[in-house]
Amino acid sequence: MNARVDTLEAACDLRFGQVGMACVRVRRADAAALCDELERRVRAAPQMFSRAAVVLDLSHLSALPDDGTVDALLEAIRSAGMLPVGLAYGTAATEELATRMGLPLIAKFRAAYEPVGGEAQPMPAAAAPVPAVSTAPAREPIHEESAAAHTAMRHAAGAVRSGQQVYARDRDLVVNAAVANGAEVIADGSIHVYGSLRGRAMAGAQGDTSARIYCTDFHAELVAIAGHYRVFEQIPADLEGQAVQCWLEGEKLLIARL
Amino acid sequence: MAEIIVVTSGKGGVGKTTSSASLAVGLAQAGKKVAVIDFDVGLRNLDLIMGCERRVVYDFINVVQGEASLKQALIKDKRYDSLYVLAASQTRDKDALTQEGVEKVLDGLGTEGFEYVVCDSPAGIEKGAHLAMYFADHAVVVVNPEVSSVRDSDRILGLLASKTRRAERGEGPITQHLLLTRYNPTRVEAGEMLSVKDVEEILGIKVVGVIPESENVLAASNAGVPVILDENSFAGQAYTDVVSRLLGQERPLRFIEVQKKGFLKRVFGG
């Protein structure tokens with residue numbers, strides 16, 4: 001390696017990077033059930049899960065379990081064939097627990113993308129967990145209404161440039177300038193663009209199928225509503241540059257001029 | 001404090017160094033005290049365009065690392081007394097630049113009485129480009145009338161609005177100027193090139209100038225004479241207009257229509 005040749009180089013670099021990591025979110029402090037469940041997952045997709053590094057997330061339990069239970073849960077994950085590498089951030093109590101266990105606390109990347117009050121709709125209905133509002137970190141806003149009530153809206157003043165991403169959590173998004181090629185606008189509610197939409201627009205990001213996308217000058221690369229998407233290698237001539245709206249009818253994503 | 005102007009683009013080969021050199025010379029012609037810094041560490045070019053490559057003793061990295069003083073490293077231009085060049089290092093890489101070091105150099109130039117500092121950014125959006133734009137008050141985003149260049153400029157405009165000291169301190173946005181280079185009206189008319197209007201529409205900001213594609217640019221670069229000094233070339237005249245606009249004067253856009261032979265002089269003479 002060239003690091004050898006150049007002796008002026010430092011011995012190492014400290015670099016930050018993001019890696020995708022599975023998060024085991026425990027709903028019941030039941031080690032045996034957890035082991036069974038994870039074993040099934042590992043068997044079903046060994047390439048994906050066998051010896052996969054995972055983070056244990058206890059924030060969805062109504063109370064933090066004692067050290068013995070946490071040890072049992074960690075052991076359950078190990079015996080299922082996964083490798084627990086840390087605890088997900090929850091509260092100060094979780095932090096103390098992590099210190100006692102000798103495990104790192106791993107901040108939840110993309111915490112802003114997770115609903116506080118409930119799961120996204122496509123997930124199977126499980127026993128409703130106690131909402132984690134009271135134990136959530138203080139910087140997360142507290143939502144009392146269901147995710148479907150998009151009363152307020154987020155307003156993005158100015159153009160959304162290539163490479164930028166704007167996300168309106170639990171609400172509509174209004175952009176009063178252009179969304180450039182390679183930019184992304186995402187909302188849990190509807191999206192309104194008063195300008196050219198040249199990038200990607202994703203409405204109903206948490207599964208709200210009634211969300212819509214409106215724009216005054218349509219050149220989008222991709223539009224999606226509640227996970228149903230359309231890419232435009234060629235924009236239909238009758239839509240290009242027009243004011244359009246997109247909505248979902250059943251499984252079908254429809255687009256029409258306004 | 002000196003006004004700091006970054007010349008940047010994202011994409012390589014669009015004319016950043018050519019533009020930096022000409023803008024710096026233009027500002028010096030207007031009587032300002034100007035320093036132009038090459039941030040492209042490892043691929044230094046600005047000294048060639050400025051015609052001072054044989055006079056580089058100490059460079060930017062030497063100053064950043066405290067091995068030379070600013071005074072030792074600044075190369076005085078032979079044509080204008082108020083113009084100085086700070087060359088990049090050819091033997092180091094961009095990791096040798098640090099934010100504190102760059103800040104120290106820029107502060108030093110301010111106390112030396114420089115009115116303008118032109119930062120010639122490297123291509124890309126990594127460390128070198130980031131440091132070149134971080135302390136800027138104004139940005140000149142160089143773009144060619146071509147889709148990939150426009151896309152990269154859009155990305156840079158986004159970074160200028162968020163990844164600069166002004167943005168982080170909430171001191172108001174950095175002033176953004178769009179400079180369209182390598183413009184060929186004939187090819188625009190033939191539909192082979194994006195027009196000024198197309199580029200302005202896609203990026204949502206107005207151009208501060210349009211530099212026509214010209215053989216004189218290449219010749220000037222090879223000769224180590226910034227093209228703005230070639231008063232007979234359209235490219236040189238267009239750069240002079242850009243400098244005037246940057247200094248707050250009104251100048252109509254020239255050289256954006258297809259030229260008709262014969263009465264060129266009358267139309268474009270002044």
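Below, chain A is the first sequence line, B the second, and so on; all start at residue 1.
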**Study point:** Euclidean distance, A/Ser162 OG relative to B/Ile202 CD1, rounded to 0.5 Å
**Key:** 11.5 Å

Practice item. Can you establish whether the number of heavy atoms outside B/Lys163 located under 6.0 Å from its atom NZ is more than 12? Key: no

Exercise for review: May I ask you to check whether over 12 heavy atoms, not counting those of B/Tyr58, lie within 6.0 Å of atom OH?
Suggested key: no

Revision key, fill the gap. dist B/Ser153:OG -> A/Arg161:CZ (nearest 0.5 Å) comes out at 9.5 Å

Review point. Given a strict heavy-atom distance threshold of 4.5 Å, which part of A/Ala177 is in contact with chain B: side chain, backbone, both, or neither?
Key: neither

Review point. Could you give the distance from CG (B/Asp154) to CZ (A/Arg198), rounded to the nearest 0.5 Å?
Key: 9.5 Å

Check your understanding: Measuring heavy-atom distances to chain A, does B/Leu203 have an atom under 4.5 Å in its side chain, in its backbone, in both, or in neither?
Key -> both

Point to revise | Point-to-point distance, once rounded to the nearest 0.5 Å, from CZ of B/Arg155 to CG of A/Asn181 | key: 13.5 Å

